[in-house]
There are 2 protein chains.
Amino acid sequence: MRHLLIYDMIEAVHSSGSIRKAAEDTNITASALNRRIQGFEEEFGSEIFERLPRGMRLNPAGELLLHHIRLQRQDLARVHGQVADLSGIRRGHVKIACSQALLPYFLPREISKYRAEFPDVTFTVNVRDRIQAERDLVSFDSDLALVFEPAHMVDFEVLHAVHQPVMAVMSAAHPLARQESLRLRDCLEYDLVLPASQFGVRVLLEQASARLGRKLEPVLETDSFDMVRHFAAYGQGIGFQIPVGLNALARPDMAFMPIAHRDVSGGELYLGHLRGRTLPVAALKFATQVVTALSVQGNA
Amino acid sequence: MRHLLIYDMIEAVHSSGSIRKAAEDTNITASALNRRIQGFEEEFGSEIFERLPRGMRLNPAGELLLHHIRLQRQDLARVHGQVADLSGIRRGHVKIACSQALLPYFLPREISKYRAEFPDVTFTVNVRDRIQAERDLVSFDSDLALVFEPAHMVDFEVLHAVHQPVMAVMSAAHPLARQESLRLRDCLEYDLVLPASQFGVRVLLEQASARLGRKLEPVLETDSFDMVRHFAAYGQGIGFQIPVGLNALARPDMAFMPIAHRDVSGGELYLGHLRGRTLPVAALKFATQVVTALSVQGNA
DNA sequence: CAAAGCGGTGCAAAAAATGCATCGCTACGC
DNA sequence: GCGTAGCGATGCATTTTTTGCACCGCTTTG
């Protein structure tokens, strides 16, 4: 609320006791703040601060005004709350179809962040592959889909896309973990743990290795990304995953390294909904948050 | 208050119904006003106006905000008043919504008595029926309401209530004027001058005569209490009024007699303000004086 | 008695608000 | 059915306001 900034300033001066200190909190110069205060006092019709040699103190008029400011803020917050209520942001249910990669870190984090602000919004998260996810949108079983390299996208309206390179996942003790960069052909010399063939990462890897004239021969093929990570963690070979499914901080015993872009270019993670559909408020707002989170992660 | 200008603009757009008209009132260009509104909506976090082909209308969020704006303004006015008090100046403005009965004697007397002590306090008096009066409080168009038998009283916080019997009003020469006490059925034998059906006195009389199995058939029905009194003064029938609207001393040519309590029990005259509101100093002080005056009259 | 901290102010630069011209749209009158 | 009038929105040049910087005078403090 830009037009209420002066109130913040008054409170800052009040609580810090001097214009100079308050100026730091407010991120403006003392002179600017000083003139804002003076300007306000002129409009208001009376001084609200006593000028002491050591700083500023509210005078009785200022005390009265401060009370008004607080009352006013509180009432504005109430209005905001009521507006939020009637726009439906506060309550609601969001149904999400997503790739497995989103399950361990990304979605739990985003959902709990969202629910910290709107505790009355509930969620359904269904794991779906790239084809099923779109089907879920069409049948209205999901509001949002968050999938890696979706299959046809006829009914899929993209809200946001973010590029995801393919990461090799291995034990920190693995010979390749010490290398600067990682080529696909190096990986092929070791035991591979691959997701099943319906997954986007697998498709990308198959294409890339075909270009090398090689064939992928996994020691373990699974439809559980958890399995991939854990098997790799035991030092048993190399797994693959996209960044959004990994959390470097959480696993110091593991190494996550991007495969050289010229070998495997990676793919796109798409957030979208059913084409032409107007989303419920809660779903739309959550989608906005997810877009922000994906952008930040993409830049980091 | 320059920083609250945006509120004026919002109200201007609300009351004129279009940005272009409001722009004239505000002495600003339509484009500038348009962008102020848009900017505010962005800060506020939601639209507050519906854009119609013919102009702008507040949406529900806007209605909520409008109420906040009015509350906020009034509270600021109260603070101003209190600050003025601090500096020893007794200034201020009191806005009153009242029933017609208060106009001829009661309010003029009380207001001039108050202004004898505080000549810098000014007044606005609006005649409102029982429903409109409450509406005025809600919209902050009035500080105080003084009404007979208010309708619902949801937002009405009572400061004082005083009982008012229903009085018959007639020429001193009227046959009934010589009686000791007056029964309703006696009145019904004569020509009746009645206030219109939205008035409390009329409602009470209708209920009472229904209990007698009679129907009121006025020869004159009017929404002017002055008309009632003057018509009765000419000897043309019996009018009705509550004591606060009468002044026995002023009209020796007329007779005012209470209807027997068992026939018409009378009603309550309420002084009140908007529920939960802190009144400006001047209004509060005037209210105190009115409470005193009503108590005295009630006892006399 | 010097140093540190305070609010206040002149002036140039930066930022915001405004006015003007104009667009696209919809309802209304002929 | 079509033109017109009224509406909100917007790009751009201009004006107004706000801000930052440097510095003043003052009072307290060690």
Side-chain angles (χ1 to χ4, degrees), chain A residues 1-66 69 83 87 276 278, chain B residues 1-66 69 83 87:
Chain A
M1 298 282 93
R2 267 182 47 81
H3 69 289
L4 297 180
L5 260 183
I6 184 63
Y7 289 168
D8 295 338
M9 296 175 178
I10 291 170
E11 287 207 280
V13 172
H14 165 61
S15 61
S16 70
S18 93
I19 286 188
R20 293 177 119 95
K21 283 179 198 147
E24 292 176 17
D25 307 341
T26 326
N27 293 320
I28 59 169
T29 328
S31 74
L33 179 53
N34 179 34
R35 270 176 298 221
R36 294 282 294 237
I37 299 288
Q38 287 180 125
F40 180 84
E41 287 178 326
E42 181 153 351
E43 293 195 313
F44 184 67
S46 89
E47 297 204 336
I48 58 172
F49 284 102
E50 295 177 53
R51 271 70 171 174
L52 305 175
R54 308 294 311 243
M56 313 270 277
R57 182 164 52 189
L58 284 174
N59 65 15
E63 300 278 0
L64 287 167
L65 178 67
L66 181 64
I69 289 175
V83 168
S87 68
T278 306
Chain B
M1 297 283 94
R2 271 177 45 84
H3 69 288
L4 296 180
L5 259 183
I6 184 63
Y7 289 168
D8 296 338
M9 295 175 178
I10 291 171
E11 286 208 281
V13 172
H14 165 61
S15 61
S16 70
S18 94
I19 286 187
R20 293 177 118 96
K21 283 179 198 146
E24 293 176 15
D25 307 341
T26 325
N27 292 320
I28 199 184
T29 325
S31 73
L33 178 53
N34 180 34
R35 270 177 295 222
R36 294 281 293 237
I37 298 288
Q38 286 181 122
F40 181 85
E41 286 178 327
E42 182 152 350
E43 290 194 319
F44 184 67
S46 92
E47 296 205 336
I48 59 171
F49 284 102
E50 292 178 56
R51 271 71 172 175
L52 306 175
R54 310 291 304 196
M56 311 270 277
R57 182 164 51 189
L58 284 175
N59 66 15
E63 300 278 358
L64 286 167
L65 179 69
L66 181 63
I69 289 175
V83 169
S87 52

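Below, read A as the first sequence line, B as the second, and so on, with proteins coming before strands; counting in each chain starts at 1.
Remark: the backbone N or O of A:Thr26 is not paired with any side-chain donor or acceptor of A:Asp8 at under 3.5 angstrom. For the pair A:Asn34 (side chain) and A:Ile19 (backbone), a donor-acceptor distance under 3.5 Å is absent. Judged by distance alone, with hydrogens and angles left aside, the side-chain atoms of B:Ser18 form no donor-acceptor pair with the main-chain N or O of B:Gly55 at under 3.5 Å.
Within the 4.5 Å cutoff, the side chain of A:Ser31 has heavy atoms near those of the A:Arg35 side chain. Side-chain contact between B:Phe44 and B:Leu65 is present, with heavy atoms from C-beta onward closer than 4.5 Å.
The span of DNA chain C lying next to chain B, judged by atoms under 4.0 Å from heavy atoms, is bounded 5' to 3' by C:dA17 to C:dC28.
At the phosphate of D:dT18, neither OP1 nor OP2 sits under 4.0 Å from any side-chain N or O atom of A:Arg2.
Comparing A:Arg54 and A:Arg35 against DNA chain D, the residue whose closest nucleotide sits nearer the 5' end is A:Arg35. Across the interface with DNA chain C, nearest-nucleotide mapping of A:Ala32 and B:Pro53 shows A:Ala32 to be the residue nearer the 5′ end.
To the nearest 0.5 Å, atoms CD1 (A:Ile48) and NE2 (A:His14) are separated by 11.0 Å. The CD atom of B:Glu43 lies 11.0 Å from the CD atom of B:Glu41; values are rounded to the nearest 0.5 Å. Rounding to the nearest 0.5 Å places CE of B:Met56 at 4.0 Å from CZ of B:Arg51. Atom NE2 of B:His3 sits about 13.0 Å away from atom CE of A:Met1, to the nearest 0.5 Å.
Going from atom CZ of B:Phe49 over to atom C1' of D:dC7 covers 14 Å, rounded to whole Å. As rounded to whole Å, 15 Å separates atom P of D:dT10 from atom CG of B:Leu33. Remark: P of D:dG8 and CE of B:Met56 are 6 Å apart, rounded to the nearest angstrom. The separation between A:Asn34 atom CG and D:dC21 atom P is 16 Å, rounded to whole Å. Spacing between atom CZ of B:Arg57 and atom P of D:dG6 amounts to 20 Å, rounded to whole angstrom units.
Heavy atoms of B:Arg36 sit under 4.0 angstrom from primed sugar atoms or phosphate atoms, though from no base atom.
Looking at residues 20-31 of chain B, you'll see B:Arg20, B:Lys21, B:Ser31 sit with a heavy atom under 4.0 Å from some atom of DNA chain D.
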